[in-house]
Amino acid sequence: MPMAVIMAGGRGQRLRPLTDKVPKPLLRVGASSIIERIIASLVAAGIQDVYLAVNYKAEAFERRLGTGDHLGVNLHYLREQQRLGTAGALSLLPEGEVSGRSILVMAADILTGMNYRAFYEFHQAHGGAATVAAVPYAAKIPYAVLRTEGDQLMSLQEKPEQNVLCNAGIYMVQPEVVRLVPQESMIDMPDLLAKVLGEGLPVRIFTIRESWFDVGSPEDFEHVLHEYATSEED
């Protein structure tokens, strides 16, 4: 099984004042915190080695999570001396730990019912340097859309729905991808993936069919609280 890196160094500005004293991943959702729910899902998939990239209120994670023994994982901390974005902390991984291993990389504010073992097996079977988890998203266009050729109207479609795949904030990468991360410099995953593609390395897409929540805004957080409260009552 792969190792996992969870990016938990952000300040969670959009959830202030909740995050003024508590880092967003440690906010409670029902009986547990966001980060503990993520780790539990990783453990259920058979992942034992987890690295947590921390910056803002790093000590709060160490007090709460410790070595991860009580969670069933070997928990290690990657301490960012400055903010490194959503991929930069990969440069802090011990070189000996990375060699020959796939690495699951994800944001610390994503809650999903996806099967991480199936994600890993897909990555292994398809041979990509990286695999991006994607979520379907349907956007309703509130106007009639015109299909034209030059100044000639060919057809008109009233308020169509556009279906796209969006980045889910969860990735599986190989060691050659980690080598493209600049040492202790800020870089986000989209920029790293652009580097991967620029090197001519294959990047695969894995579509999440299960639940997926991005705990980014107060509205998102309220929605997640409701969803998990309802599901756990059932």
Is the shortest heavy-atom distance from the side chain of [X] to the side chain of [Y] under 4.5 Å?
X	Y	result
Met7	Met189	no
Ile208	Thr112	yes
Val145	Leu156	no
Asp109	Ile35	no
Arg204	Val132	no
Glu199	Leu180	yes
Met106	Leu104	yes
Pro2	Ile47	yes

With clusters defined by side-chain heavy atoms of hydrophobic residues (ILVMFWY) lying less than 4.5 Å apart, directly or transitively, does [Y] cluster with [X]?
X	Y	answer
Val98	Val73	no
Tyr171	Leu93	yes
Leu84	Tyr51	yes
Trp212	Tyr116	yes
Met172	Phe206	yes

On a heavy-atom basis, which atom in [X] and which in [Y] lie closest, and how many Å separate them?
X	Y	answer
Leu52	Ala8	CD1-CB, 3.8 Å
Gly100	Pro175	N-CG, 3.7 Å
Glu62	Tyr77	CA-OH, 3.5 Å
Ile6	Ile38	CD1-CG2, 3.9 Å
Ala45	Arg117	O-NH2, 3.0 Å
Ala129	Val177	O-CG2, 3.3 Å

Any chance [atom1] of [X] has more than 12 other-residue heavy atoms, nucleotides or ligands included, within less than 6.0 Å?
X	atom1	result
Glu59	CD	yes
Glu95	CD	no
Gln124	CD	yes

At what distance, to the nearest 0.5 angstrom, does [atom1] of [X] lie from [atom2] of [Y]?
X	Y	atom1	atom2	value
Arg37	Ile110	CZ	CD1	15.0 Å
Leu27	Ser33	CG	OG	8.5 Å
Met1	Leu42	CE	CG	9.0 Å
Ile39	Ile34	CD1	CD1	12.0 Å
Thr67	His76	OG1	NE2	9.5 Å
Gln183	Leu92	CD	CG	7.5 Å

*Verify whether the ring centers belonging to His126 and Phe122 lie closer than 6.0 Å.*
yes
*Flag the pair Arg28 and Glu36 as a salt bridge only when some basic side-chain nitrogen lies within less than 4.0 angstrom of an acidic carboxylate oxygen.*
no
Any sub-3.5 Å donor-acceptor pair from [X]'s side-chain atoms to [Y]'s backbone N or O?
X	Y	answer
Ser91	Gly88	yes
Asp188	Asp191	no
Ser102	Val173	no
Asn55	Glu80	yes

*Criterion side-chain contact (heavy atoms from CB on, under 4.5 Å) on Met186 and Gln82, from CA distance to verdict*: CA-CA 8 Å; Met186 186 164 182; Gln82 59 186 12; over 6 Å; no
*Go through the steps for Ile170 and Val105 under the test side-chain contact (heavy atoms from CB on, under 4.5 Å), then give the verdict.*
CA-CA 6 Å; Ile170 306 171; Val105 184; over 6 Å; no
*Decide side-chain contact (heavy atoms from CB on, under 4.5 Å) for Val50 and Asn74; before the verdict, give the C-alpha distance in whole Å, the side-chain angles of both, and the deciding distance to 0.1 Å.*
CA-CA 6 Å; Val50 176; Asn74 303 313; over 6 Å; no
_Verdict with supporting geometry, Thr131 and Ile205, side-chain contact (heavy atoms from CB on, under 4.5 Å)_ = CA-CA 6 Å; Thr131 301; Ile205 298 295; over 6 Å; no
